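Any value given below was found using the heavy atoms of this structure, including those in side chains, with hydrogens, waters and symmetry copies removed. All of these numbers come straight from a predicted model, not from anything done at the bench. Sequence lines set the chain letters: A, B, ... in the order given, protein chains first and strands last, and positions in each chain run from 1.
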Amino acid sequence: MKNKITIVILAMLLVVGCAQIPTQQFVQYKKAFNELNKVQEDILLDFDQALKKQKEVSEDDENIGPSSPYPDTLQGLKTSATEPDVIEVRRLAMLTINRYNDVLTKLVEGKSIEDVKTTTEGLVKTIGKFVEIAEGAGVPGIGSAINAAKILAGKFEELRLRKEFKKAVREGVPAVYAILDFVKEDLSDHYTARFTIAQSERLLIVEEITNNVINLNILFSNHSIPPDTANIQGIKVIEKDINSHLKPVSGELNQDEYPYKLEYGTGNIPAYTILIDLQVTQIVSEIESLSKKYNQNVTQVNSIGSVLIQDAKLIEKTKIALNTLVNALDKPLDIGVIAEEILDTAFNVKREFEAFRAAQ
Amino acid sequence: MTATEKSVKEIYDEGILEIQKIFGSIKSTRKQRDAAKQTLKDLTAMLLAYTIKKVEDRTALLSGLIVELNQVIESVRIKPPYTGTVDGLTKIANKALGLLSQEKKKLI
């Protein structure tokens with residue numbers, strides 16, 4: 001009888017002994033996701049800005065002539081009202097993964113194990129009292145029986161949690177994976193949106209620059225060499241200045257024209273004066289400021305590009321961590337740890353049963 | 001890159017190259033510049049509209065995935081399903097215990 005009980009206990013514990021959750025792999029996945037989630041918030045804000053700019057560009061193009069403050073058809077009004085918010089849906093997707101991770105965390109934490117133990121203790125205690133009143137005497141070793149029941153109930157709850165975790169991972173991971181893939185695909189379009197807007201702004205800067213150079217040329221060619229050069233900038237100095245300001249833009253300027261050459265006009269034309277010189281100074285200063293704007297534009301696009309590349313890497317990292325977690329579900333867990341745990345628990349249950357039997 | 005995406009990008013790139021030539025030269029005429037500005041606006045709007053369409057198409061699919069994941073979340077049983085039953089049993093046993101005590105007192 002004694003051996004039979006021991007075999008039954010060990011057999012039960014062998015079943016529940018496998019009730020382990022790949023906690024380490026889950027923690028790694030959660031860490032990777034949290035890292036991604038933090039960055040994603042800023043990325044979505046920037047994406048929102050880019051999409052708003054896109055709408056401005058499209059509306060600018062459509063609004064030729066006077067515009068109406070409301071759509072001219074009910075269909076137009078309906079479309080704008082029911083259109084799902086692109087950014088909101090993406091935020092919601094990340095929030096849903098967060099909620100899903102929280103549920104998995106609760107299963108990993110296994111707080112319900114203690115609840116089950118308490119409930120079991122309550123029932124066994126009541127049954128013990130029942131027997132005590134019916135028999136007219138206390139049940140010997142009831143404390144040990146309660147402990148044994150608690151250990152087993154706890155282990156069975158662990159098994160349930162493990163099964164629930166496995167089910168939740170198997171059913172939820174394909175959706176998480178697909179969401180992460182969509183978020184990654186978004187990055188490419190996010191860059192295209194930013195790049196397209198920036199490219200348009202950059203080309204308009206180049207247009208303004210060459211326009212200013214044209215104006216500068218006109219000013220010089222419409223005036224002859226000043227008779228008095230005192231208080232007037234040297235033409236070669238101005239030439240050197242603008243060419244040096246425009247060095248970062250040079251790749252986009254006509255190579256037969258840049259570096260620019262400035263020349264006074266000839267013939268019966270007015271001479272170059274201090275007043276003209278002031279206008280020239282203004283134009284040179286405008287060229288300098290446009291060149292700075294050009295540099296900012298290039299830096300901005302390169303920066304957002306780097307951020308998006310980093311984000312793509314984080315998504316890949318999260319996907320790898322998720323894959324590792326899924327694989328860990330089927331992998332035989334560290335048998336040494338399991339064996340140790342089984343033996344440990346089996347010993348505890350057996351000890352409680354022995355104490356229970358001894359008290360009979 | 002899909003065929004449509006490729007052709008949209010090719011049209012855009014070719015147009016931008018021409019605009020770049022006009023804007024980058026001090027010999028371009030005012031008329032050329034104005035035409036290039038309008039083309040730049042059109043090309044920018046075209047590529048952005050195409051990009052935003054792709055993002056919007058993905059939004060619908062994402063909404064479906066959110067629903068799917070929420071269903072998984074709802075189906076997960078964090079609390080053990082049988083603790084309620086055990087609690088119920090304990091309550092019944094406690095009631096029976098009370099009755100048994102009373103009956104026993106009456107017998108004594």
If you take the centroid of each ring, where Trp contributes its six-membered ring, are B:Y12 and B:Y50 closer together than 6.0 Å? no
Quick check for you: among B:L69, B:T44, B:T51, which has the greatest number of heavy-atom pairs under 4.5 Å with chain A? B:L69
Which bit of B:I66 is near chain A, if near means a heavy-atom gap under 4.5 Å: side chain, backbone, both or neither? both
Would you mind checking which part of B:I26 comes under 4.5 Å of any heavy atom in chain A, side chain (CB onward), backbone (N, CA, C, O), both or neither? both
Quick check on A:L253 against chain B: is it the side chain, the backbone, both or neither that has a heavy atom closer than 4.5 Å? both
Counting heavy-atom pairs under 4.5 Å to chain B, which of A:T196, A:D186, A:I179 comes out on top? A:T196
What's the shortest heavy-atom distance between A:R202 and A:V298, and which atoms? CD-CG2, 4.5 Å
Examine whether an atom of B:R77 lies under 4.5 Å from a heavy atom of chain A, and if so say whether it belongs to the side chain, the backbone or both; otherwise answer neither. both
Side chain, backbone, both or neither: which part of B:K27 has a heavy atom under 4.5 Å from chain A? both
Is the shortest distance from a Lys or Arg side-chain nitrogen in A:K261 or A:E239 to a carboxylate oxygen in the other one below 4.0 Å? no
Most chain B-contacting option - heavy-atom pairs closer than 4.5 Å, from A:N211, A:L95, A:N217, A:V176: A:N211
Per-residue contact mode, A:E185 against chain B (heavy atom under 4.5 angstrom): both
Looking at A:D115 and A:K111, is there a salt bridge between them, counting it only when a charged N and a carboxylate O are closer than 4.0 Å? no
When rounded to the nearest 0.5 angstrom, what is the spacing between CG in A:D181 and CZ in B:R58? 10.5 Å
Below 4.5 Å from any heavy atom of chain B, which atoms of A:L161 appear? Answer side chain, backbone, both or neither. side chain
Please classify the contact between A:Y258 and chain B as side chain, backbone, both or neither, with a heavy-atom cut-off of under 4.5 Å. neither
Under a 4.5 Å cutoff for heavy-atom pairs, which residue among A:N254, A:T96, A:V249, A:T118 has the most contacts with chain B? A:T96
Salt bridge (Lys or Arg N to Asp or Glu O under 4.0 Å) between A:E121 and A:K125, worked out: CA-CA 6 Å; A:E121 184 177 15; A:K125 260 187 188 168; 3.6 Å; yes
Name the region of B:L65, side chain, backbone, both or neither, that has any atom closer than 4.5 Å to a heavy atom of chain A. both
Engaged part of A:E257 at the chain B interface, taking heavy atoms whose separation is under 4.5 Å: side chain
Under 4.5 Å heavy-atom distance to chain B, tell me which part of A:D256 shows up: side chain, backbone, both or neither. neither
Portion of A:Y260 that has a non-hydrogen atom of chain B nearer than 4.5 angstrom: side chain
Among A:L203, A:L104, A:T192, A:I113, residue most engaged with chain B (heavy-atom pairs, under 4.5 Å): A:L203
Any side-chain heavy-atom pair from A:D48 and A:V86 closer than 4.5 angstrom? no
Side chains of B:Q38 and B:D42: do they bring a donor and an acceptor to under 3.5 Å? yes
